[in-house]
Amino acid sequence: MKRLAVLSDTHGLLRPRVLELVAGADLILHGGDVGDPEILTRLGTLAPVVAVRGNVDHGPGVADLPETAEGEVAGRVYRMVHRRQDIEPTWTRDAALIVFGHSHRPELEWRSGTLLLNPGSVGPPRFSLPATMAFVTFDGKTMTPELVSVAG
């Protein structure tokens, strides 16, 4: 069994509760708008981190993040990009999981066996939306997403 912690849109804020929640994850995926490279460093002390560049990531340590990322976990392919509209249509052919952020609005959608996941935002409050992140658990052939409210 493998457990991914999925977050996005930290915008320079790493809540202590997020650190508590991601402890024990096998991999952390960050969907962009990191804001401060120290966030990736701190998350990296808990598990390997894969992050993409968001539209606010212009400074040192974040401007060089890739626009897209892909990898494999538990034998399943994942792909990641910051904005949903930048998802390549062909990605659903081979990816089990596609992660994106940008809107700060959590979203889970299954499309042809592929999970499209926006974990929401764990950064500063915006648009009257709650702070949320997600977990994806891979257990055999089963992939189970879970959205989590992050208070504090």
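Atoms considered below: every heavy atom in the structure, side chains included; atoms not considered: hydrogens, waters and symmetry mates.
Taking each heavy atom of L27 and P48 in turn, the nearest pair found is CD1-O, 3.4 Å. Here the closest heavy-atom approach between residue L4 and residue V73 is recorded as CD1-CG2, 3.5 Å. The two residues S8 and G32 make their nearest non-hydrogen contact at OG-O, 3.5 Å. Of all the heavy atoms in A95 and T114, the pair that sits closest is O-OG1, 2.7 Å. Taking all atoms of both residues into account, the shortest heavy-atom contact from G120 to D9 is O-OD2, 4.2 Å. Considering all non-hydrogen atoms of both residues, D36 and G12 come closest at CB-CA, 4.0 Å.
In this structure, the side chains of L21 and M133 come closer than 4.5 Å at one or more pairs of heavy atoms. Considering only heavy atoms from C-beta on, L65 comes within 4.5 Å of V62 through its side chain. You'll find the side chain of Y78 reaches within 4.5 Å of the side chain of L29, heavy atoms only. By the 4.5 Å heavy-atom criterion applied to side chains, M1 and R3 are not counted as neighbours. You'll find the side chain of L115 stays beyond 4.5 Å of the side chain of E109, heavy atoms only. Residues V148 and E146 are in side-chain contact: their nearest non-hydrogen atoms beyond the backbone lie under 4.5 Å apart. Side-chain atoms of H30 and V52, non-hydrogen and from C-beta on, never get closer than 4.5 Å to each other. Two residues are said to be in side-chain contact when any heavy atoms from C-beta on lie closer than 4.5 Å; M80 and V50 meet this criterion.
A continuous path of Ile, Leu, Val, Met, Phe, Trp and Tyr side chains, each step under 4.5 Å between heavy atoms, connects L147 with V6, placing both in one hydrophobic cluster. A continuous path of Ile, Leu, Val, Met, Phe, Trp and Tyr side chains, each step under 4.5 Å between heavy atoms, connects L108 with L97, placing both in one hydrophobic cluster. Tracing side-chain contacts under 4.5 Å through hydrophobic residues (I, L, V, M, F, W, Y), one reaches V18 starting from L46; they form part of the same cluster. Under the 4.5 Å side-chain heavy-atom criterion for Ile, Leu, Val, Met, Phe, Trp and Tyr, V150 and L19 are members of the same hydrophobic cluster.
For H82, the ring-ring contact (aromatic ring centres under 6.0 Å, His included) partners at least two apart in sequence or on another chain are H102. Residues satisfying the side chain to side chain donor-acceptor pair (under 3.5 Å) test with R53, not counting sequence neighbours, are E67.
A distance-only check finds a donor-acceptor pair linking the side chain of T132 to the backbone of P119 [under 3.5 Å]. A distance-only check finds no donor-acceptor pair linking the side chain of D33 to the backbone of H11 [under 3.5 Å]. Side chain of R111 to main chain of T92: no donor-acceptor pair is present (N/O by atom type, distance under 3.5 Å, no hydrogens or angles).
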- Task: For the pair K2 and D139, evaluate salt bridge (charged side-chain N to carboxylate O under 4.0 Å, His left out) and give the outcome as yes or no after the intermediate values.
- Result: CA-CA 7 Å; K2 297 285 183 180; D139 189 4; over 6 Å; no
- Query: When you look at T137 and M143, which way does the side-chain contact (heavy atoms from CB on, under 4.5 Å) test go after all the steps?
  - Reply: CA-CA 6 Å; T137 303; M143 181 174 61; over 6 Å; no
- Might you work through the side-chain contact (heavy atoms from CB on, under 4.5 Å) test for V49 and T41, ending with a clear yes or no? CA-CA 9 Å; V49 178; T41 301; over 6 Å; no
- Please assess E20 against R15 for the test salt bridge (charged side-chain N to carboxylate O under 4.0 Å, His left out), listing each intermediate value before the final yes or no. CA-CA 9 Å; E20 292 172 14; R15 298 166 188 263; over 6 Å; no
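Atom CD of E88 and atom OG1 of T68 lie 8.5 Å apart (nearest 0.5 Å). One distance of note links CZ of R79 with CD of E72; it measures 11.0 Å at 0.5 Å rounding. If you take CD1 on I28 and CG on L40, they are separated by 9.5 Å, rounding to the nearest 0.5 Å.
Within a 6.0 Å sphere centred on CZ of R84, other residues, nucleotides and ligands contribute more than 12 heavy atoms.
As a member of the Ile/Leu/Val/Met/Phe/Trp/Tyr network built from side-chain separations under 4.5 Å, L116 groups with V81, I87, W91, I98, F100.
One side chain, S103 or N118, offers a donor N or O that lies under 3.5 Å from an acceptor on the other.
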